[in-house]
Amino acid sequence: MIAFEHVGKRYGGRFEALANIDFRVQRGEMVFLTGHSGAGKSSLLRLIMRLERPSRGKVRVAGHDIAGLHASQVPFYRRQIGVVFQDHQLLFDRDVFANVALPLEIQGAEPREIARRTRAALDKVGLLHREKALPIELSGGEQQRVGIARAVVNKPSLLLADEPTGNLDPQLSADIMTLFEDFNRIGTTVLIASHDLALIARLRHRVLRLRDGRLVGDQEAT
Amino acid sequence: MSERENAKAARSASPRGARSQRTVMRSRFSAWARHHRAMCLDSAGRLIRTPVASLLTMLAIAIALILPTALWLSLDGARLLDAELDESATLTAYLDSDVDEGEAMRVAEALGASPDVEAVRLITAAEGMAEFQQALGLEDALDRLETNPLPASIVVSPEDASPEAMRSLATQLEAVGGVDEVRLDLAWLERLKRLAELGRRVTLALGVLFGLGVLLVVGNTIRLAVESRRQEIEVVTLIGATHGFVRRPFLYSGAWYGLGGGLLAWVLLALGRQWLSAPATALAESYGASFTMPGLDGAGSATLLVSSTLLGLLGAWMAVSRHLADIRPR
């Protein structure tokens, strides 16, 4: 599903964010990406989302070298990827339903289809009863679950998460991870960047370890 | 699965591939039309939710539109833009003062028979006097004259109103018996034409300048709108919105601002016309002339509204294209 082939990324010619990254993630896998802050986790995710292009090497997603995508194809490529952000990136001027429905609106789905799938996604994260609420009225954990619902509402084949439990207490973090495992179980490839090592260790999935922009560990699922 | 993959799957799975592809195209089109409708209403709603700010922007646009439009209208009113200006090009043949009315009529007929002459109009000495009195308002003074000092005259409209043709016609007419002198006011005509050309160019220059002003007003307003929705733009770009999708609401806002400004300009022009009409007509009447205040007709109103809407759209397009490039998701 994801293949990094000797990928390097430099910013401004000097700073080397990633160097010689080489790994593969199979379709349907669930993988954690760890490392201290600044190790290159976010840069790696940005490469997959094609917010950046690699300075060296190739990034392949679903078999395509995504550096070769034309600018006009990039939006369609991104629609296949669900992304969960640490700061959830919800829009505060509209309610929970509208936030979750956004990817479907962008794809131009039928209104009835939008309502059905949005409610299904909200139900999955246990927030169907809050669909009319504004994000500001929700707790941090609830906001993150809205963010997850938005990421999965269009059934992406790949789900990326950047520190999804960064601001949550251990119990909420565990709940969120369980949600990701549920999506993985129905076939979604999941890649989660996190530095919550205790939680990751408990979940026994494959772990990619980054240090100073280099891949220093690839621990198989146990 | 993406729309494309969906479409591909539908095509390969179904033996009636063409039909299902057509269905996909139709549903895409209806989604596109739905988004247009939604953004059209949404951007109008945003304008209405901030009525004072929207009205001020529209007023700025209206003021920029009023000046060139008003200038255009006054030129039009003064018939300076009239293509029929040439029709007022005439020659006047003054007859010898001893020619009586009957002979004057015969001369007029003779002149009218020339192939270069389109029409003639005889002004007898008495008619000339009456016109003169009316034009100058000197009735009392002229009444004291015992004899009419004015000669009869014949106003000749030429077939060809070009200066060369008129000059040669004048020489030709001067040779006719009974004609004392032929006057052609080419200088006046040429001056008027130059004035009209000047007026046209000034109007055009002002139009371009103030049109640019409208672009800047709309552009600046849209720039602020883009800035205030920066986070939203970043988020929708991250989850796969096309440039068109992001641009659409702002383009509609620009078009609404333009249309609103155009309507406001139209209303202000109509009010101004109302306000100036009475004194202008009174002034014209005191000179014995009839005058109607020029106003925008149907075609003129449509031109004003369409061009103001297009200017708003263009201003928004420029602002959005310029600022979307700056906005890249973090």
Side-chain angles (χ1 to χ4, degrees), chain A residues 42-43 45-46 48-52 61-62 64 69-94 98-114 135 147 150-158 160 162 187-188, chain B residues 1-10 23-43 45-47 49-50 225-249 253 321 324-330:
Chain A
S42 296
S43 296
L45 292 183
R46 289 174 68 84
I48 300 175
M49 288 157 70
R50 210 195 179 271
L51 290 167
E52 317 272 0
V61 177
H64 299 289
L69 287 176
H70 189 266
S72 64
Q73 295 172 308
V74 170
F76 298 94
Y77 165 71
R78 287 198 188 132
R79 290 176 193 181
Q80 301 173 55
I81 305 175
V83 187
V84 179
F85 306 89
Q86 179 177 3
D87 53 357
H88 12 83
Q89 296 270 23
L90 300 180
L91 300 178
F92 284 84
D93 63 342
R94 57 197 80 187
N99 267 285
V100 175
L102 202 55
L104 298 171
E105 303 265 3
I106 287 171
Q107 288 177 19
E110 299 280 337
R112 222 183 307 149
E113 182 76 358
I114 291 177
R150 187 183 65 192
V152 300
V153 72
N154 58 340
K155 301 199 178 80
S157 43
L158 175 60
L160 302 178
D162 192 1
T188 310
Chain B
M1 202 184 266
S2 75
E3 279 172 81
R4 282 181 177 186
E5 283 174 52
N6 270 330
K8 219 181 283 172
T23 318
V24 168
M25 290 307 289
R26 199 181 306 136
S27 87
R28 279 219 192 138
F29 176 76
S30 71
W32 177 83
R34 203 161 46 235
H35 189 245
H36 266 278
R37 197 163 54 235
M39 288 303 106
C40 182
L41 294 176
D42 177 72
S43 57
R46 279 173 198 271
L47 258 61
R49 279 199 292 282
T50 53
V226 168
E227 206 48 56
S228 76
R229 293 172 73 181
R230 194 186 187 96
Q231 196 227 349
E232 182 185 346
I233 293 171
E234 284 176 4
V235 171
V236 297
T237 309
L238 279 175
I239 57 185
T242 56
H243 276 317
F245 185 93
V246 174
R247 210 183 275 139
R248 211 161 288 149
S253 299
S321 304
L324 281 191
D326 297 344
I327 297 180
R328 293 195 52 210
R330 279 166 286 131

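Order of the sequence lines sets the chain letters (A, B, ...), proteins ahead of strands, with each chain counted from 1.
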Minimum heavy-atom separation for [X] to [Y], with atom names?
X      : Y      : value
A:G108 : B:A31  : O-CB, 3.0 Å
A:M49  : B:L238 : CE-CD2, 3.4 Å
A:D93  : B:E232 : OD2-OE1, 4.3 Å

### Query
Is it the case that more than 12 heavy atoms not belonging to A:F92 sit under 6.0 Å from its CZ atom?
yes
#### Entry: B:H35 atom NE2, over 12 foreign heavy atoms within 6.0 Å
yes
### Task
Could you look at A:R50 and say if it's the side chain, the backbone, both or neither that has a heavy atom under 4.5 Å from chain B?
neither
### Task
Give a yes or no on whether the backbone of A:A109 and the side-chain of B:R34 come within a donor-acceptor separation of less than 3.5 Å.
yes
### Donor-acceptor contact present, side-chain B:Q231 to main-chain A:L90, <3.5 Å
yes
### Message
For B:H243 and A:S72: C-alpha separation, side-chain torsions, deciding distance, then whether side-chain contact (heavy atoms from CB on, under 4.5 Å) applies.
### Response
CA-CA 8 Å; B:H243 276 317; A:S72 64; over 6 Å; no
### Query
Any side-chain heavy atom of B:T242 sitting closer than 4.5 Å to one from A:R79?
yes
### Query
Given side chains that start at C-beta, do those of B:I239 and A:L102 come closer than 4.5 Å, heavy atoms only?
yes
